[in-house]
Amino acid sequence: MERFQFERLLATKHKRRRFLIGTLGVSASVIASQWTHRVVAQPSFSGYPFSLGIASGEPLPDGIVLWTRLAPEPLNGGGMPSVNVPVQWQVALDENMRNVVRRGTAIATPEFAHSVHVEVGGLQPDRWYWYQFKAGNEVSSIGRTRTAPARDTRVAQFRFGFVNCQDWQNGYYTAYQGLAQEELDLVVHLGDYIYEYGPQPGGPRQHNSPEIVTLADYRNRHALYKTDANLQAAHAAFPWIVTWDDHEVENNYASFIPEENQSQQEFVTRRANAYQAYYEHMPLRRLSLPRGPYLQLYRRFTFGDIAEFNVLDTRQYRSDQPCDDGLKPRCSEAFDPNATMTGTKQEQWLFRGLSKSQARWNVIAQQTMMAQYNFDARPGQEVFNLDQWDGYVAARDRLLKFLQQQQPSNPVVITGDIHSSWVHDLKTDFNNPNSPTVGTEFVGTSISSDFPEAFIPPTVAALSANPHTKFFDGKNRGYVRCHLTQNTWQSDYRVVSTIREPNATISTLASFVVPNGRAGAQQT
Ligand SMILES: [Fe+2]
């Protein structure tokens, strides 16, 4: 408690009042409706209000987003009264919060489930900061975060981890225990932060509610996941950049097309609920404020001259899966030139960004596997996963041709979704092993979600029919740790000994290196 240095500001009621009035303007533009509720400056909480932890994200050279949500009863709607509550925040140069360089007050409103998203500016590039929140008499734990290096600076090395797919019911987040101990500048989450399903028996822990549909449902599900101590530790240790896949709304939805059993109107409302709850629980900027069933999530981050991340959203704008979706041979719809993963606007934004980039490594952070993979190795036979880019062949060809013709520096695709580890050469023609390799794809396994044991042998058997695939492992859960220098990119596949128990050991299953200027990974 004594670490928190708001006491001086709170010394008298009069002073505090001035302080609040003076700083409210900073966050007033965030939520126009904040005055619809009474402001209660000294609320008493029915429980610890920072039960969901703290987070930071969206690193820029001069700023960062700080996140928390007041939820004294996290699993039951949050437990906050319908009043606006000021949440004080401060940013310091040291882990003891002695040398505070920025502070202010954000207003947590019932409209956004008493979450706060503070866009802190005026920070120095490429350095660690620590942060903390206070509401009423309660203080949060202290988090650590880091700004990006300035755009025009030479950066010798950059380290990040990427993660995805954390089905609560399938296991413990032991991978986050390992991740939180790593030396990283950034964590990237590629989606399936929550799963929408009702409880399923058999796993080590279970969802506490039926399949989620309403805004209250989605809020409670995010809150359940956020109560995990390992996940909280990983958020508190690094800034995160997040994007979503399908399960943040519903399995394999595409644009406004649901998976099953809903009218389109029901699904539009459901998507709006899901998008709002996602915003409320992630350290996102105003750019990503939900507007009904829409939320802008594709965006770009630059880290000096070493890396630029193009973060994609391949669910919100995609055309329906072809051939009625599934694992099967491709029908003609899979080659439809009008089919899209990203929508036209996002595709053009991606191409423009890659054309202009000055970065050594150009990262495309996205959801489903980009490389072709034929799961049936028998001659003349084919089985493709049509929810992946294999169902959107023309869109993939446009991207890979663009990489071949425009030659942005070292394109590297990072991918989630499939709950297994892969490394691919990205070819201009996957059916011709002699065609140019124009990029490298690293697919990370899940934090906890299941890859069915029965799928492993046929997938392994098909490797010989997919020579551009350099690595596959379906057995292990974990994350990918990436170490970038000006000369090499190294990806280490970090895996845990178990997700059936709360604690595990962690080790490196395999490492791959991409040399600067030569697409394709080599195992070390
Ligand atoms: Fe998943």
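Everything numeric here is computed off the predicted structure, so don't read it as measured data. When a ligand or atom number is given, it counts from 1 through the structure's own listing order.
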Check your understanding: If you draw the axis of the six-membered ring of Tyr275, does the NZ or CZ of Arg315 fall within 45° of it and under 6.0 Å from the ring centre?
Key -> no

Check your understanding: Under the 6.0 Å and 45° cation-pi test, does Arg300 pair with Trp349?
Key -> yes

Review point. Quick check: does His247 have an N/O/S atom under 2.8 Å of the Fe ion (ligand 1)?
Key: no

Practice item. Specify whether an N/O/S atom of Tyr195 falls short of 2.8 Å from the Fe ion (ligand 1). Key: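 So Tyr195 does bind the Fe ion (ligand 1) by this criterion.
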
Revision key, fill the gap. Between the OG1 atom in Thr368 and the CG atom in Asp417, the distance rounded to the nearest 0.5 Å is 5.5 Å

Exercise for review: Write the atom name of the N, O or S atom in Asp192 that is nearest the Fe ion (ligand 1).
Suggested key: OD2

Review point. Between Asp387 and Arg318, is the closest basic N to carboxylate O distance under 4.0 Å?
Key: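 Here Arg318 pairs with Asp387 in a salt bridge, since their nearest N and O are under 4.0 Å apart.
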
